[in-house]
Every structure is written in structure tokens, then in C-alpha cells.
Peer 1: 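Supplied in C-alpha cells, the structure appears directly below.
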Amino acid sequence: MSLISSKLPHVGTTIFTIMSKMAQDHDAINLSQGFPGFDCDPRLIRWVEEGMRKGMNQYPPMAGLPSLREEIGKLIMRAYQRDVDIDNEITVVTGATEGLMASLMALVHPGDEVIVFDPAYDAYRPAISLAGGKAVSIPLAPPSFTIDWDRVEDAITPKTKYIMLNYPHNPTGAILNGSDIVALKGILQRHNLIVLSDEVYEHMVYDGQQHLSMLRDDFLADRSVVFASFGKTLHVTGWKVGYVVANPALTQEIRKVHQFTTFTTSTPFQYGIAEYLKRCDDQVWGLGEFYQRKRDVFSEIMAGTPFHMLPCNGTYFQMASYKGISDLPDTEFANFLTQKIGVAAIPTSVFYEDGTDHKLIRFCFAKEEEELKAAGTRLQALGG
Ligand code: PMP
Ligand code: GLN
């Protein structure tokens with residue numbers, strides 16, 4: 001008889017770990033797991049190093065270095081014109097992943113229902129389940145992947161407490177529009193719910209559009225927990241520094257779990273990011289343009305392949321339909337692509353509770369142009 005019974009019996013290793021390992025094992029170009037294929041600004045590294053040399057090597061305050069929270073406050077002011085209380089509304093966390101886990105563990109009670117839109121980033125459901133909650137899945141319909149708000153209203157029960165949003169959206173590249181915000185506010189008011197808003201791709205929105213953060217609106221800001229990540233914004237996914245913004249009452253609860261999960265986040269990295277943002281935050285404000293160029297280069301390259309590319313309005317991901325190429329299930333197609341064609345991508349059925357397979361795979365275009373071109377050359381081979 002087994003000595004343990006799994007708390008997450010249906011959870012395996014994340015698809016990102018599986019596909020990156022497969023890419024490595026087969027020497028494939030890795031457009032699967034989302035991370036930049038280029039380095040960060042060297043000045044950022046210098047300031048982290050300076051932090052270490054200056055003795056910033058012991059525990060920082062549990063909620064994050066005040067200098068970093070100050071810079072985060074300025075970013076929020078400039079991006080969304082909101083004056084956030086840096087002592088009581090911002091918590092620096094060890095990546096948005098830790099922020100999500102700490103927040104869901106702190107806020108979701110056994111039996112609470114959390115509305116989640118499929119395809120959903122894979123970290124949400126396990127965290128909701130560990131907290132004893134129930135994720136209630138609502139599908140987003142391709143190709144636009146917009147939210148059907150009537151369906152949301154119909155799914156609400158007396159147990160519904162939270163709506164989990166993720167815009168700009170991984171894996172579809174969809175963004176929120178003004179009518180989504182109107183519908184969301186109506187639902188929150190009628191049903192007294194809170195939004196958990198994963199906005200890690202907040203600065204990657206294209207074609208002159210705006211990211212409609214919960215922090216732009218007084219009512220929504222007061223009803224939301226917003227998750228952000230310097231991994232995405234500064235090209236340092238391995239540093240694992242993010243932050244959570246929420247009203248003081250929510251923040252107090254989230255910190256109760258954060259302090260016993262990691263207690264805090266690596267001091268020199270917090271210091272380096274704060275010093276960098278003090279002097280050169282231009283990278284943040286140019287990020288949309290930077291990635292829009294990459295998206296356009298990638299689209300041009302992919303036009304020479306038999307894939308049908310879906311629209312991408314934000315994030316550094318783009319979905320592609322392979323219906324014209326194969327009728328394999330998407331996980332098998334992604335394996336084939338990695339092992340036989342030499343380009344790794346993410347099958348999107350893994351982001352659905354019921355494994356819905358629209359024959360779509362996700363590519364990450366946060367790579368150097370040469371790498372994207374080399375991938376395009378390999379993918380052209382599928383055209384026969
Ligand atoms: N949310 C989404 C939608 C993501 O794509 C990611 C990962 N890249 C995260 C959260 C986690 O962010 P972090 O790397 O800061 O933990
Ligand atoms: N968020 C990244 C992606 O979507 C991966 C993060 C991870 O590997 N945990 O690809």
C-alpha cells in the first residue's frame with residue numbers, strides 16, 4: 001500500500017519543462033517555453049553585482065525592498081495613473097508564480113468557486129485545488145478567444161468568489177477591450193466578486209492598442225489582485241522577481257502566506273532592478289514596440305510555411321493552426337515537430353481542463369531574428 005496519497009493526482013510535470021527538455025534532447029530550436037532568446041541590458045547585471053558587493057546579501061523586508069516598491073509605484077503611476085500605497089498595496093514576490101500561489105492559498109477557502117477561462121495558464125488550477133477551491137472552466141472560442149460574458153454570468157453560483165483573468169493572454173495573444181471592462185464591472189457589482197488578474201504581459205500590447213489593466217479603474221483596482229513579473233518586462237525570467245498589487249486588506253492576507261512560502265525575494269536582484277528602474281526605465285516603455293517588431297518578423301517568416309497563423313495582439317506568443325498539415329492530436333504533433341522537424345512548440349490542449357484540441361500550437365517569438373528564420377526554414381519542409 002502506498003504511504004502517500006497525492007494532493008494533485010492529475011498533475012504531471014509542466015508542459016514547459018517537458019518541451020524544453022525534448023528540444024534539448026533533439027537539438028531542436030526551442031520556440032516552446034516562453035523566455036527571451038537574448039540577454040538583458042548589461043547595466044541591469046552591473047547593478048545586481050553592485051548590490052552584492054555593497055553587502056545587499058541578507059534578508060530584505062518581507063514585503064520587498066522599499067526602493068523597489070517605490071519604483072514599482074512610479075511604473076504604475078506612469079502606466080495606469082494610479083497612486084498605489086507602496087507600504088500596504090505592493091508585495092514583491094519570487095516571480096508571479098509565487099504571487100499566484102500565495103494569493104490563491106490566502107484567499108480561496110474550501111468550496112469556493114473560481115472562474116477560469118480555457119485555455120488557461122497551467123499554474124492556476126493546481127493552486128486553486130490545493131487551496132480546496134474549485135476551478136469552474138469557461139471556454140474562450142477561437143479564433144478571437146473573446147470572453148462570452150453571458151456565459152460567465154450563467155456560471156456564477158452562491159459559491160463563486162473570484163474571476164481569474166489573464167490579459168494579455170497566454171497562450172492566445174488576446175487582449176481585453178472596452179466592452180469587456182464594462183461587462184466585468186457589471187458582473188462584479190451584481191455578484192460581489194474579486195478579480196485575480198494575471199497581467200505579466202502588461203507591457204506587450206501591439207498596434208497602438210492599450211493594455212486595460214485593472215489598475216486603470218478605481219472600482220476594479222479596489223476589487224482586484226494584480227500579478228506582474230520583471231522576468232517578462234526586463235528579459236530576466238530566471239531571476240524570478242515579480243510583484244502583487246492589491247488593496248490593503250487583500251495584501252495583508254496575501255503577505256500572511258508569502259511570509260511562510262519564501263518569506264521574501266532575493267535581495268541583490270531586488271536592489272539591481274530598483275537601481276536600473278531609477279535610471280533607465282525606457283526599456284519598459286519601449287517593450288511593446290520591441291516585441292511588435294519581433295511578431296511582425298515572425299509572421300513574415302511563418303507566411304512561407306503551411307501553418308495558418310492566428311492574430312496576436314499581445315504577449316510574446318502566437319498560435320498557429322496545423323489543420324492543413326496534419327490531423328494528429330496536438331501533443332503528438334508538437335512531439336513530431338520537435339523530434340523530426342527540429343522546432344519545439346507548445347500543444348495548447350494542455351491548457352484546457354477537458355483537453356479540447358483545436359489543432360493549435362503556440363510558438364514563442366521572443367528570439368533573435370536568426371533563430372526565428374532558422375525555425376522558419378525547418379518548418380517550410382512541412383510544405384512538402
Ligand atoms: N502567468 C503567466 C500567464 C505566465 O505566462 C507566466 C510565466 N511566464 C507566469 C504567470 C509566471 O511568471 P514568473 O516567471 O514571474 O513566475
Ligand atoms: N510562462 C512561460 C510560458 O508560458 C513558462 C514558465 C514556466 O516554464 N514555468 O511558456
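First listed ligand is number 1; within each ligand, the first listed atom is number 1.
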Peer 1: For ligand 1, which part of F230 has a heavy atom less than 4.0 Å away: the side chain, the backbone, both, or neither?
Peer 2: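 Neither; no heavy atom under 4.0 Å.
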Peer 1: For N166, which part has a heavy atom under 4.0 Å from ligand 1: side chain, backbone, both, or neither?
Peer 2: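 Only the side chain of N166 comes within reach of ligand 1.
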Peer 1: What residue and atom, counting heavy atoms only, is the protein's closest point to atom 9 (N) of ligand 2, and at what distance?
Peer 2: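 Result: Y121 OH, 3.8 Å.
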Peer 1: With a cutoff of 4.0 Å, is T237 in contact with ligand 1, counting heavy atoms of the residue only?
Peer 2: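 No heavy atom of T237 comes that close to ligand 1.
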Peer 1: Tell me whether F16 has any N or O atom under 3.5 angstrom from an N or O of ligand 2.
Peer 2: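 No, there is no polar N/O contact under 3.5 Å.
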Peer 1: Which atoms of ligand 1 have any heavy atom of S229 under 4.0 Å away?
Peer 2: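 The atoms of ligand 1 under 4.0 Å from a heavy atom of S229 are 13 (P), 15 (O).
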Peer 1: Pull out every atom of ligand 1 sitting under 4.0 Å from any heavy atom of Y201, numbered as shown with elements.
Peer 2: 3 (C), 4 (C), 5 (O), 8 (N)
Peer 1: Is it the side chain, the backbone, both or neither of E98 that has a heavy atom closer than 4.0 Å to ligand 1?
Peer 2: neither
Peer 1: Quick check: does D198 get an N/O under 3.5 Å from an N/O on ligand 1?
Peer 2: yes
Peer 1: With a heavy-atom distance limit of 4.0 Å, tell me whether T97 approaches ligand 1 through its side chain, its backbone, both, or neither.
Peer 2: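 Near ligand 1, T97 shows its backbone as well as its side chain.
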Peer 1: So, for Y124 and Y162, is the gap between ring centers shorter than 6.0 Å?
Peer 2: no
Peer 1: For ligand 2, does R362 get within less than 4.0 Å through its side chain, its backbone, both, or neither, judged by non-hydrogen atoms?
Peer 2: side chain
Peer 1: Parallel, tilted or perpendicular: which fits the ring planes of Y243 and F230, with parallel below 30° and perpendicular above 60°?
Peer 2: tilted
Peer 1: Is N170 near ligand 2, meaning one of its heavy atoms is under 4.0 Å from it?
Peer 2: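 It does; at least one heavy atom falls under 4.0 Å.
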Peer 1: Under the side chain to side chain contact (heavy atoms under 4.5 Å, CB included) test against L165, which residue among I147, D198, V226, L196 passes?
Peer 2: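 Output: one option passes, namely I147.
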Peer 1: Starting from atom 8 (O) of ligand 2, what is the nearest protein heavy atom, named by residue and atom, and what distance separates them?
Peer 2: Q33 NE2, 2.7 Å
Peer 1: Can you tell me how the ring of Y206 sits relative to the ring of F365, calling it parallel under 30°, perpendicular over 60° and tilted otherwise?
Peer 2: tilted
Peer 1: Suppose I only count heavy atoms of K240 and a 4.0 Å limit; which atoms of ligand 1 are within that range?
Peer 2: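 By the 4.0 Å cutoff, the relevant atoms are 13 (P), 14 (O), 16 (O).
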Peer 1: Below 30° counts as parallel, above 60° as perpendicular, anything between as tilted: where do the rings of F333 and Y322 land?
Peer 2: parallel
Peer 1: If we only count N/O pairs under 3.5 Å, is Y124 in contact with ligand 1?
Peer 2: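 N/O-N/O distance under 3.5 Å: no.
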Peer 1: Only heavy atoms of F317, strictly under 4.0 Å: list the atoms of ligand 2 that pass.
Peer 2: 3 (C), 4 (O), 10 (O)
Peer 1: When rounded to the nearest 0.5 angstrom, what is the spacing between CD1 in I115 and CD1 in I138?
Peer 2: 4.5 Å
Peer 1: Quick check: closest heavy atoms across F38 and E368, and the distance to 0.1 Å?
Peer 2: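 F38 and E368 have their closest heavy atoms at CB-OE2, 3.5 Å.
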Peer 1: What do you reckon, does A96 have a nitrogen or oxygen under 3.5 Å from a nitrogen or oxygen of ligand 1?
Peer 2: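 Right, the criterion is met.
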Peer 1: Taking it one step at a time, do Q283 and D41 satisfy side chain to side chain donor-acceptor pair (under 3.5 Å)?
Peer 2: CA-CA 9 Å; Q283 183 182 311; D41 188 332; over 6 Å; no
Peer 1: Is the backbone of A23 close enough, under 3.5 Å, to the side chain of N30 for a donor and an acceptor to pair up by distance?
Peer 2: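 Here the side-chain-to-backbone pair does not exist.
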Peer 1: Measure the distance from atom 7 (C) of ligand 1 to every protein heavy atom, then report the residue, atom name and distance (to 0.1 Å) of the closest one.
Peer 2: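 Answer, as residue, atom name and distance: K232 NZ, 2.8 Å.
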Peer 1: Between the side chain of T348 and the main-chain N/O of L360, is any donor-acceptor distance below 3.5 Å?
Peer 2: yes
Peer 1: Exactly one of R69, R255, Q259 should register a side chain to side chain donor-acceptor pair (under 3.5 Å) with T91. Which one does?
Peer 2: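 Output: one option passes, namely R255.
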